[in-house]
Amino acid sequence: MPELPEVETVRRGLDRRVTGAVIRRVEIFRDSCVRLMPGGAAQFRDEVTDMTCLSVARRGKFLWIPLGNGPAEDAEVPEASLSAHLGMSGQFRIHSAEAMPEPHPHCRARLSLQSGAGDLTLDFLDQRTFGYLHAEELRQTEDGHPAGTGTLTPYLPQSVAHIARDALDPALNVAAVVAALGRGTRGIKQVLLDQTVMSGVGNIYADEALWRARVHPTRPAHTVSFRAATTVVESVQQVMADALKAGGTSFDSLYVNVNGESGYFARDLDAYGREHEPCSRCGASIRRERVSGRSTHWCPSCQRRYAPRRNSTAVRAKTPGM
DNA sequence: AGTAGCACCTGATTGC
DNA sequence: TGCAATCAGGTGCTAC
């Protein structure tokens, strides 16, 4: 499930049942679900089999399980990382050995785990196959803070090193994010979606945060004031915290937690998916338009499109309406 | 350096 | 009814 609140819901579900368990068997049903490893599925199987899951960690939408050779102790230096990204449609499902169904048609991999509470299977499902698994090395974070949510250690997988800390990370450098949101020629929504500035924001919560902050999604970043950019960051943090409380947003069975259950935030969305419905703040009709390939929603009354100030000497092209 | 565009996939839904 | 076009919540590579 794509954005931060959904991935965090999955992380919590995994953490409760997987931490401390030992990976005993790996079945790969579709080789291409293992990426970023020269040896592919076979190498993945070799590197994770018989390793212990020390914890389940997350930064933005990236998940990883620090692996060790002995009993689970999150304080120790992990030997390796079992890393995962859910892409657009990835899911993890956990079943106890007694109640294990046949693998779902979209099941790409199944891990069999031995835990203190009994044997489990961990299925990785992914309809659109943009998600993936891999095993890799970890490295220390530069700031020495914990690498993300769900780990106390500063050890971060190599593949996550280029991703900024996420919106709900206490170690996030908010001032740097605010500065970045006010820089460049891209629209502010594009900057919000840039995972190297601040991670975890996807298409739904970008639209929601900008609606809350009353900022138009295509407004060029360099025209956004310090004050407005600050409000945008705070709105991102608030909307994600609200969504997390509701167990994330889901529209259908593609987006569920590790037990296959849906979250409830969809009914609390104010902009995303509400084209032609009245703005819950002012009543104007919510608009939708494709902006660089992504469906973008906003209130044309609360979120004014940027219109450069008229210049008496220059003749300007007519700016399109809202 | 910063940014836009496209490629990577499957499946459900919409429109002719 | 059947088939094609369109849409879906992400990331990363390439080329300008």
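In the text below, chain A, chain B and the rest are named by the order of the sequence lines, each starting its count at 1.
- Rounded to whole Å, atom P of C/dA8 lies 14 Å from atom CG of A/L193.
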Evaluation steps, salt bridge (Lys or Arg N to Asp or Glu O under 4.0 Å), between A/R93 and A/D123: CA-CA 5 Å; A/R93 299 282 190 93; A/D123 285 353; over 6 Å; no
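- Between A/R35 and the phosphate of C/dC13, there is no side-chain N or O to OP1/OP2 separation shorter than 4.0 Å.
- When distances are taken from the side chain of A/R30 to each of B/dT10, C/dG12, C/dG9, the shortest belongs to B/dT10.
- Remark: C1' of B/dG2 and CZ of A/R186 are 7 Å apart, rounded to the nearest angstrom.
- B/dC6 sits 14 Å from C/dT6 when the P atoms are compared, rounded to a whole Å.
- With A/F62 as the fixed residue, the side-chain contact (heavy atoms from CB on, under 4.5 Å) test singles out one of A/I163, A/V7, A/L86: A/I163.
- If you check every strand for non-hydrogen atoms under 4.0 Å, A/R288 touches sugar and phosphate atoms only.
- As rounded to whole Å, 12 Å separates atom P of B/dC9 from atom CZ of A/R108.
- Atom CZ of A/R25 is surrounded by 12 or fewer heavy atoms from other residues, nucleotides or ligands within 6.0 Å.
- Checking side-chain atoms of A/R139 against main-chain N and O of A/T141 turns up no donor-acceptor pair under 3.5 Å.
- Atom pair A/Q91:CD and B/dG11:C1' shows a separation of 14 Å (rounding to whole Å applied).
- For A/H85 and C/dG10, the shortest distance from a side-chain N or O to OP1 or OP2 is not below 4.0 Å.
- As rounded to whole Å, 10 Å separates atom C1' of C/dG12 from atom CG of A/L36.
- Mapped onto DNA chain C by nearest heavy atom, A/Q127 and A/S159 fall at different nucleotides, with A/Q127 at the one closer to the 5' end.
- Remark: A/T185 is in phosphate contact with B/dT3, judged by side-chain N or O atoms under 4.0 Å from OP1 or OP2.
- The nearest whole Å value for the distance from the CD atom in A/E275 to the P atom in C/dG9 is 13 Å.
- Not one side-chain nitrogen or oxygen of A/H106 sits closer than 4.0 Å to the OP1 or OP2 atom of B/dC9.
- In this model, the phosphate group of C/dT11 is not approached by any side-chain N or O of A/H162 to a distance below 4.0 Å at OP1 or OP2.
- If you find the closest nucleotide of DNA chain C to A/Y132 and to A/R128, the one lying nearer the 5' end belongs to A/R128.
- Comparing the P positions of C/dG12 and B/dG11 gives an interatomic distance of 24 Å, to the nearest angstrom.
- Summarising the geometry, the separation between CG on A/D126 and P on B/dC9 is reported as 12 Å, rounded to the nearest angstrom.
- When heavy atoms are screened at a 4.0 angstrom cut-off, A/R290 is found touching the sugar-phosphate backbone but no base atom.
- Between C/dG9 and A/Y205, no contact under 4.0 Å exists linking OP1 or OP2 to a side-chain N or O.
- Note on A/Q195: every side-chain N or O is 4.0 Å or more away from OP1 and OP2 of C/dG10.
- Taking every side-chain heavy atom of A/K61 into account, C/dG10 is the closest of C/dG9, C/dG10, C/dG12.
- Side-chain atoms of A/C299 and A/W211, non-hydrogen and from C-beta on, do get closer than 4.5 Å to each other.
- Atom P of nucleotide B/dG2 and atom CG of A/L181 are separated by 15 Å, given to the nearest angstrom.
- Considering only side-chain N and O atoms, A/R294 lies under 4.0 angstrom from the phosphate OP1 or OP2 of C/dG10.
- Taking the side chain as every heavy atom from C-beta outward, A/L122 and A/L14 approach each other to under 4.5 Å.
- Side-chain nitrogen and oxygen atoms of A/T129 include none within less than 4.0 Å of the OP1 or OP2 phosphate oxygen of B/dC8.
- Between A/F130 and B/dC8, a base-stacking contact is recorded: ring centres under 5.5 Å apart, planes less than 30° from parallel.
- Under the 4.5 Å side-chain criterion, counting only non-hydrogen atoms from C-beta, A/C53 is not in contact with A/T19.
- Of the nucleotides present, none pairs with B/dC9 by Watson-Crick or G-U wobble criteria with both distances under 3.5 Å.
- Judged by Watson-Crick or G-U wobble contacts below 3.5 Å, the nucleotide B/dG2 has C/dC16 as its partner.
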